[in-house]
Amino acid sequence: MAELLLEISGIHKRFGGLHALNDVALSINKGEIYGLIGPNGAGKTTLFNVLTGLYQPDEGSFRFNGIDLFRKKPNVVVESGIARTFQNIRLFHNMTALENVMVGRHSRSKASVLGAILRDPKTRREEDAIKVRATELLAYVGISKHAGETAKNLSYGDQRRLEIARALATDPTLLALDEPAAGMNPKETEDLKRLMEKIRNDGVTILLIEHDVKLMMGLCDRIAVLDYGKKIAEGIPEEVKNNPRVIEAYLGASPD
């Protein structure tokens with residue numbers, strides 16, 4: 001039987017008069033790639049922001065790996081095992097690729113402020129280990145040759161991979177990717193698909209937002225569809241693709 005990893009129910013998020021999320025519920029099992037699709041403004045990124053602690057939901061429940069994360073702050077969410085990337089790339093552009101990944105890894109460091117200032121042997125050993133792990137992750141996502149380059153000088157596709165490497169540096173159980181294929185050409189998209197499959201096969205569950213419906217249908221185990229902040233469908237890709245409510249949401253009219 002599938003083992004439940006994340007479960008939310010009755011999630012509401014309002015911004016003034018806008019009901020961005022309206023009674024949203026979903027569950028994600030360990031080891032699957034779970035897709036989230038919907039038209040622009042459907043509430044997908046808002047849901048990501050709720051799940052990662054950037055937004056505080058108004059109502060609902062949120063449990064992850066048996067832990068109650070309802071209204072918890074981002075650092076608590078990361079420590080619990082959820083990492084994410086962003087729709088708009090958010091790298092430290094004047095730092096090297098290696099340094100960017102090391103920043104992500106520091107979320108798991110144990111060094112004290114005093115140890116960091118004095119550079120005691122324990123802190124230096126931990127810093128060396130962080131650098132080794134960051135180097136491994138750059139190789140894992142296929143951009144190790146760019147380790148010493150500043151992030152702003154990397155190609156768009158490599159910046160996306162760097163964001164994934166930085167997220168993986170936090171040792172997540174669930175990796176939430178917000179439109180990672182946006183702006184990629186067909187080859188880059190296919191390479192990204194293989195990377196996501198590798199990440200899943202190595203034991204990390206993936207929650208994915210993506211506008212490339214063809215990619216989603218060929219990659220995800222299950223898909224949920226949001227429209228105007230409500231979940232209108234959920235199931236395996238074939239079921240979702242043929243759902244009349246999904247067709248109406250995308251085409252703007254009921255199918256013949």
Side-chain angles (χ1 to χ4, degrees), residues 2 5-6 26-40 42 44-45 47-48 51-52 81-91 97 100-101 104 134 136-147 151 154-226 233-243 246 250:
L5 178 63
L6 179 148
L26 58 84
S27 59
I28 300 175
N29 298 319
K30 288 185 178 180
E32 71 178 340
I33 298 178
Y34 187 100
L36 192 62
I37 64 174
N40 287 330
K44 303 182 298 296
T45 296
L47 181 57
F48 258 43
L51 294 177
T52 54
I82 299 177
R84 71 169 295 179
T85 63
F86 291 85
Q87 185 176 354
N88 299 314
I89 295 174
R90 296 188 184 181
L91 295 170
N100 267 274
V101 183
E136 292 172 347
L137 286 168
L138 288 175
Y140 184 84
V141 302
I143 57 171
S144 57
K145 65 181 179 181
H146 300 303
L154 299 184
S155 69
Y156 183 82
D158 286 342
Q159 287 188 23
R160 287 287 185 188
R161 288 174 173 269
L162 178 56
E163 268 209 319
I164 292 173
R166 185 177 63 184
L168 289 173
T170 68
D171 284 342
T173 306
L174 176 72
L175 178 62
L177 303 175
D178 193 350
E179 295 192 37
M184 288 188 174
N185 61 42
K187 182 183 182 306
E188 289 173 330
T189 300
E190 183 60 30
D191 290 342
L192 177 65
K193 178 183 177 182
R194 288 196 292 268
L195 174 59
M196 287 188 284
E197 290 172 335
K198 181 170 72 168
I199 292 170
R200 187 267 296 276
N201 292 339
D202 287 338
V204 179
T205 304
I206 294 177
L207 172 60
L208 175 65
I209 292 176
E210 187 52 63
H211 279 292
D212 188 334
V213 176
K214 181 180 178 182
L215 171 65
M216 297 290 272
M217 293 297 169
L219 177 64
C220 295
D221 299 295
R222 290 189 300 136
I223 294 174
V225 187
L226 294 183
E234 183 180 36
I236 63 174
E238 193 65 23
E239 292 172 346
V240 170
K241 182 171 64 175
N242 295 312
N243 186 301
V246 176
Y250 274 94

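Shown here are the side chain to side chain contact (heavy atoms under 4.5 Å, CB included) partners of Glu234, two or more places apart in sequence or in another chain: Leu26, Tyr34, Arg222, Ala224, Lys231. Not a single side chain to side chain donor-acceptor pair (under 3.5 Å) links Asn88 to another residue, sequence neighbours left out. Legend: residues meeting side chain to side chain contact (heavy atoms under 4.5 Å, CB included) with Ala42, ordered by chain and number and at least two apart, are Pro39, Lys44, Leu226. For Ala147, the side chain to side chain contact (heavy atoms under 4.5 Å, CB included) test picks out Leu98, Leu138, with sequence neighbours left out. For the salt bridge (Lys or Arg N to Asp or Glu O under 4.0 Å) test, no residue two or more places apart in sequence or in another chain qualifies with Glu179. Listed by chain and residue number, Asp191 satisfy the side chain to side chain donor-acceptor pair (under 3.5 Å) test with Arg194 (two or more places apart in sequence, or in another chain). Listed by chain and residue number, Asp178 satisfy the salt bridge (Lys or Arg N to Asp or Glu O under 4.0 Å) test with Arg84 (two or more places apart in sequence, or in another chain). Residues satisfying the side chain to side chain donor-acceptor pair (under 3.5 Å) test with Glu136, not counting sequence neighbours, are Arg133. Qualifying side chain to side chain contact (heavy atoms under 4.5 Å, CB included) partners for Ser155, counting only residues two or more places apart in sequence or in other chains: Asp158. Legend: residues meeting side chain to side chain donor-acceptor pair (under 3.5 Å) with Asn242, ordered by chain and number and at least two apart, are Glu238. Residues meeting the salt bridge (Lys or Arg N to Asp or Glu O under 4.0 Å) test with Lys145, sequence neighbours left out: none.
Nearest approach of Gly38 to Val225, heavy atoms of both residues: CA-CG1, 4.4 Å. Nearest approach of Val204 to Pro172, heavy atoms of both residues: CG2-O, 3.8 Å. The shortest non-hydrogen separation linking Ala169 to Leu137 is CA-CD1, 3.4 Å. When all heavy atoms of Val240 and Met217 are compared, the pair lying nearest together is CG1-CE, 4.3 Å. Pairing each heavy atom of Glu163 with each of Leu91, the nearest pair is CG-CD2, 3.5 Å. Residues Pro237 and Cys220 approach most closely at CG-O, 3.3 Å, considering heavy atoms.
Here the straight-line distance linking atom CG of Leu177 with atom OG1 of Thr85 works out to 4.5 Å at 0.5 Å rounding. For the atom pair Met216 CE and Ile223 CD1, the distance stands at 5.5 Å (nearest 0.5 Å). The line from CG of Leu207 to CD of Glu32 is 9.5 Å long, rounded to the nearest 0.5 Å. A distance of 4.0 Å separates CZ in Phe48 from CD1 in Ile209, rounded to the nearest 0.5 Å. Separation of atoms CD1 (Ile143) and CG (Leu162) is listed at 4.5 Å; rounding is to 0.5 Å.
Here the side chain of Arg161 pairs a donor or acceptor atom with the backbone of Val141 at under 3.5 angstrom.
Pairs passing the salt bridge (Lys or Arg N to Asp or Glu O under 4.0 Å) check and including a residue from residues 196-213, sequence neighbours excluded, read Arg200-Asp221.
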task: Check step by step if side-chain contact (heavy atoms from CB on, under 4.5 Å) holds for Ile82 and Leu51.
output: CA-CA 8 Å; Ile82 299 177; Leu51 294 177; 5.6 Å; no
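The side-chain heavy atoms of Ile164 and Ile199, taken from C-beta on, include a pair separated by under 4.5 Å. Looking at Leu192 and Arg160, their side chains never come closer than 4.5 Å, going by heavy atoms from C-beta outward. In this structure, the side chains of Ile28 and Thr205 come closer than 4.5 Å at one or more pairs of heavy atoms.
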